[in-house]
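Hydrogens, waters and symmetry mates are skipped; everything else that's a heavy atom, side chains included, is used. Indexing begins at 1, ligand by ligand and atom by atom, following the structure's order.
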Amino acid sequence: MTDSFATMLVHDDLESGPVVPPIHQSSLFTFDNVAQMVETFSGGNERPIYTRGNNPTVRVFEDKIAALEGGEAARGFASGMAAIAATILAFARSGDRIVCVRNVYPDTYRLMRRLLVRLGIETVFVDGRDLDALEKALEGASLLYLESPTSVIFETHDIRAQADLARQAGAVSVIDNSWATPVFQRPLALGVDIVVHSASKYISGHSDTVAGVAIGSRERIRQINTLTYPFLGGKLAPFEAWLLLRGLRTLGLRMRRHNDSVTRVSDWMRKRPEVAKINLPELSNASGALSGRGGLFSIELADGVDPIRFCDTLRLFRLGVSWGGHESLVFPMAVGLNQAGEHNALVDFGVPPQLVRLNIGLEEPEDLVADLDIAIRAAARNGKGSQG
Ligand SMILES: *Cc1c(COP(=O)(O)O)cnc(C)c1O
């Protein structure tokens with residue numbers, strides 16, 4: 001009998017009795033005799049040798065997230081970016097072209113525009129909603145990189161159609177599923193080859209861990225394991241894996257709460273004249289892939305409503321980057337647009353300065369609405385041309 005998804009989230013299948021796995025805080029693992037060592041080194045068994053390669057606590061997390069995403073195997077990483085970089089580099093080589101959707105996560109964009117170009121890997125950015133443009137761009141490409149919903153503006157795409165186009169073109173497809181998590185969207189079932197996560201966000205869920213993971217077929221993960229993972233060295237630490245396992249047990253409950261609270265807050269915002277636009281996916285999106293919504297979305301404040309005053313007046317929403325934890329957060333794009341350094345995704349993708357990103361945490365939603373109400377009135381009074 002196979003367990004339901006909700007039970008899989010809670011249950012860890014562990015040897016010898018504990019309900020929580022021990023943290024194998026050991027860099028190496030020793031052998032009883034040379035024969036056993038020889039057997040392990042020649043691939044005859046899966047005993048751990050060294051924690052950069054394999055660690056039993058990390059393995060419990062990898063097996064669990066692989067099952068939750070519907071994949072055969074997973075590889076944990078030190079961060080989401082470590083997972084993304086090691087995955088792309090395992091499937092793209094010098095002279096190759098990558099096709100990537102617009103409004104991708106800003107550091108994924110910089111990885112492509114700064115580092116991959118130096119290695120002779122070109123990236124073309126395409127509107128992920130435009131399947132004709134995607135099909136054209138994919139001719140001769142080796143990899144399709146997806147995000148749905150996208151970062152910052154939260155566009156949703158027809159993931160199944162995108163994955164089909166990649167397969168027809170002979171390109172490996174990769175999707176960042178950090179926002180939806182396997183609770184609300186399982187891209188492998190839609191035909192995508194590899195799912196990557198910033199596990200620093202919802203999978204951790206408590207803003208105390210930076211981690212990442214890649215999930216796919218045994219063969220795809222083997223390629224990452226043999227080509228990039230051991231040499232780039234961005235391994236997931238045993239303690240971080242243990243924290244991620246703790247996060248996963250409540251992931252279903254937390255996502256349900258984020259979904260309900262973001263619905264409450266966005267319904268309230270829809271009636272506010274100070275809010276010109278709400279960027280939050282509707283569940284009736286093209287591919288019908290989303291079964292719920294995370295708490296991260298963005299709003300465009302109306303002309304004359306001051307985004308800086310809005311952010312500074314909020315009390316429960318703390319000013320900060322990242323998202324996916326217990327706490328509500330706010331990030332004004334006016335700040336991101338001014339971030340130093342070349343290849344600013346927010347500038348290059350045309351994100352407007354009136355845009356503010358909100359992360360709805362696990363607080364009482366009525367308290368959040370009350371906080372937003374005070375801040376939005378203050379921001380409108382402060383702005384030019386307000387009615388008081
Ligand atoms: C944060 C984030 C990442 C990067 O993950 P890290 O764990 O910070 O390296 C990748 N994708 C998305 C959508 C993110 O929000």
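Residues Arg293 and Thr263 bring a donor and an acceptor atom of their side chains to less than 3.5 Å of each other.
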For ligand 1, which of its N or O atoms have a protein N or O partner closer than 3.5 Å, and how long is each gap?
from     : atom 1 : to     : atom 2 : distance (Å)
ligand 1 : 5 (O)  : Ser198 : OG     : 2.9
ligand 1 : 7 (O)  : Gly80  : N      : 2.8
ligand 1 : 7 (O)  : Ser198 : OG     : 2.9
ligand 1 : 7 (O)  : Ser200 : OG     : 2.6
ligand 1 : 9 (O)  : Gly80  : N      : 3.0
ligand 1 : 9 (O)  : Met81  : N      : 2.8
ligand 1 : 11 (N) : Asp176 : OD2    : 2.6
ligand 1 : 15 (O) : Lys201 : NZ     : 2.7
ligand 1 : 15 (O) : Trp323 : NE1    : 2.9

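In this structure, His206 contributes its side chain and Gly247 its backbone to no donor-acceptor pair below 3.5 Å. Looking at Glu72, its side chain does come within 3.5 Å of a backbone N or O of Arg218 through a donor-acceptor pair. Formation of a donor-acceptor pair under 3.5 Å by the Thr57 side chain with backbone atoms of Pro22 is found in this model.
Between the OH atom in Tyr105 and the SG atom in Cys100 there is a gap of 13.5 Å [rounded to 0.5 Å]. Taken from OG1 in Thr181 to CG in Leu248, the straight-line distance is 9.0 Å, to the nearest 0.5 Å.
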